[in-house]
Chemist: 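Below you will find the structure I want to go over with you.
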Amino acid sequence: HQLAKWADVDIVVYIGCGERGNEMTDVLREFPELTDPRTGESLMKRTVLIANTSDMPVAAREASVYTGITIAEYFRDMGYDVAVIADSTSRWAEALREMSGRLEEMPGEEGYPAYLASRLAQFYERAGSVECIGSDERRGSLTAVGAVSPPGGDLSEPVSQATMRIVKVFWALDSSLAYKRHFPAINWLNSYSLYLDSLKPWFDENLGPEFMRNRTAAMSLLQSEASLNEIVQLVGKDALSPSDQLTLEVARMVREDFLQQNAFMDVDGYSSYDRQEKLLAMILHYEKLCRDAIAKGAPVMALFQIPAREKIGRAKSVEAEEYPQVYQQIEQEMAQEIEAVSAQGGEEA
């Protein structure tokens, strides 16, 4: 729903490859009720559904993915921006395995055909931006989004590994995050993007060079948190140094106050780039001020309990028209409160 609704495209082609019948029914019922944020009309008006339920013949499952991306290429050649969502390529690969077995072909790893990787590559390589024939000004694009659902969540199986060798972006959904009610349940340590170098000039021009530096700093905090959690399980959180306790707290802020979103709240279901940049910068500014205060002898727990800390936690629910002023006010209050704690800590020392 979120990908189809917020994708900046003219047409969405959804391929339900081997899906349960009730899931396809839910899509047919719910998409007409969703509003396209670009036009204000029903999302179904720009959506093409390829319904291939799990009880259909195996040959139909194999053909469903090719049918969907061929339809997408048809619209792309007309000059539209198209997104293809294939759910899921794992079940498509299972259909390839079954067809290969019936044709008595030589099996590869885990029974999949030896040409599995090349078939997956042929699917993803059909994505891209083109100049349409007949007009130099007309351009179309095709974006392929493939869902991989490995048995038991094992990312070392052939379909996942072949996909990760081909694609440049991978979102690893984590069931443990979903059980903790952290949505979207994307594991930040297992996910990656190889487009950062290509996108850096755009981010530098539109958001400033600080955005990419802040992104790197946030990722470093999350990786440090994963390492510190192993120590916490052995000796407890109180045994850590004030600096390490601050690292854990700021990493929790990045997770809960920045990465976590509520799809049922309009203001939090979608966030603009400018808002993301300001919110992340505010969290990292809090970390910088706290580290300076700790160096002056401020008690770390007092820094965690300042009123501005709670306001940062609620900052993502501020209305879209008000957030620039509210974020600026929170930063001013935060600096004053941390300075007061720092001064008190210096006097006690």
Side-chain angles (χ1 to χ4, degrees), residues 177 180-183 188 207-208 210-211 213-229 231-233 235-262 265 267-268 271-349:
L177 288 175
K180 294 175 184 175
R181 315 300 297 171
H182 182 289
F183 295 105
W188 42 86
L207 299 175
E210 196 67 26
F211 179 75
R213 287 197 288 268
N214 287 344
R215 180 200 175 279
T216 303
M219 281 300 302
S220 177
L221 280 169
L222 293 171
Q223 289 170 346
S224 299
E225 180 196 33
S227 302
L228 288 172
N229 279 336
I231 301 174
V232 169
Q233 291 175 2
V235 299
K237 188 175 180 179
D238 295 335
L240 296 176
S241 67
S243 178
D244 287 342
Q245 290 185 39
L246 177 63
T247 298
L248 288 178
E249 179 67 15
V250 177
R252 186 167 73 91
M253 292 171 67
V254 172
R255 286 190 287 106
E256 297 179 1
D257 304 338
F258 180 72
L259 293 178
Q260 191 172 354
Q261 290 177 269
N262 186 347
M265 288 177 59
V267 71
D268 196 27
S271 183
S272 65
Y273 280 123
D274 181 67
R275 184 177 189 136
Q276 292 177 50
E277 186 270 332
K278 284 182 168 55
L279 181 56
L280 183 58
M282 182 165 57
I283 293 172
L284 295 177
H285 187 51
Y286 169 82
E287 182 212 12
K288 180 180 181 297
L289 293 177
C290 285
R291 290 205 185 278
D292 293 341
I294 289 172
K296 296 176 183 177
V300 67
M301 293 309 298
L303 295 171
F304 297 164
Q305 293 168 358
I306 61 173
R309 167 66 187 87
E310 184 180 348
K311 292 181 180 179
I312 293 173
R314 298 179 180 178
K316 59 185 177 182
S317 61
V318 177
E319 293 299 326
E321 301 81 17
E322 303 172 2
Y323 77 85
Q325 298 81 10
V326 174
Y327 286 9
Q328 187 176 6
Q329 183 180 353
I330 292 174
E331 288 213 31
Q332 292 173 354
E333 294 176 5
M334 176 178 69
Q336 294 171 359
E337 291 165 5
I338 292 175
E339 181 63 30
V341 173
S342 177
Q344 183 180 355
E347 291 173 3
E348 293 176 358

Chemist: Suppose the criterion is ring pair (Phe, Tyr, Trp, His ring centres under 6.0 Å): which pairs have a residue in residues 291-331, not counting sequence neighbours?
Modeler: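 Qualifying pairs, neighbours excluded: Tyr323-Tyr327.
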Chemist: With a 4.5 Å cut-off on side-chain heavy atoms, are Val326 and Lys278 touching?
Modeler: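 No - every pair of side-chain heavy atoms lies 4.5 Å or more apart.
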Chemist: Taking all non-hydrogen atoms of both residues, which atom of Glu287 and which atom of Leu221 are closest, and how far apart?
Modeler: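 Heavy atoms of Glu287 and Leu221 come nearest at OE2-CD2, 3.6 Å.
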Chemist: Backbone N or O of Asn214 within a donor-acceptor pair of the Glu277 side chain at under 3.5 Å?
Modeler: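 A pair under 3.5 Å: no.
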Chemist: Less than 4.5 Å apart, any side-chain heavy atom of His285 and any of Glu331?
Modeler: yes
Chemist: Compare every heavy atom of Val267 with every heavy atom of Val318, then report the nearest pair and how far apart it is.
Modeler: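 That would be O-CG2, 3.0 Å.
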Chemist: Under 3.5 Å, is there a donor-acceptor pair between the Gln329 and Gln325 side chains?
Modeler: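 No pair is found: no donor N or O on one side chain lies under 3.5 Å from an acceptor on the other.
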Chemist: Do Val232 and Leu240 have side-chain heavy atoms sitting under 4.5 Å apart?
Modeler: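 Yes. Closest side-chain heavy atoms under 4.5 Å.
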Chemist: Contact between Leu222 and Leu259 at the side-chain level, heavy atoms closer than 4.5 Å - yes or no?
Modeler: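 In contact.
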Chemist: Taking the basic N atoms (NZ, or NE/NH1/NH2) and the acidic carboxylate oxygens, is any pair closer than 4.0 Å for Arg309 and Glu249?
Modeler: yes
Chemist: Decide, yes or no, whether a salt bridge links Asp292 with Lys288 under the criterion of side-chain N to carboxylate O below 4.0 Å.
Modeler: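 Salt bridge between Asp292 and Lys288, a charged N being under 4.0 Å from a carboxylate O: yes.
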Chemist: Between the side chains of Arg215 and Ser220, does any donor sit under 3.5 Å from an acceptor?
Modeler: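 Absent: no donor and acceptor within the cut-off.
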Chemist: Does a side-chain heavy-atom distance below 4.5 Å link Lys316 with Phe258?
Modeler: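 In short, these two side chains do not touch, never coming nearer than 4.5 Å.
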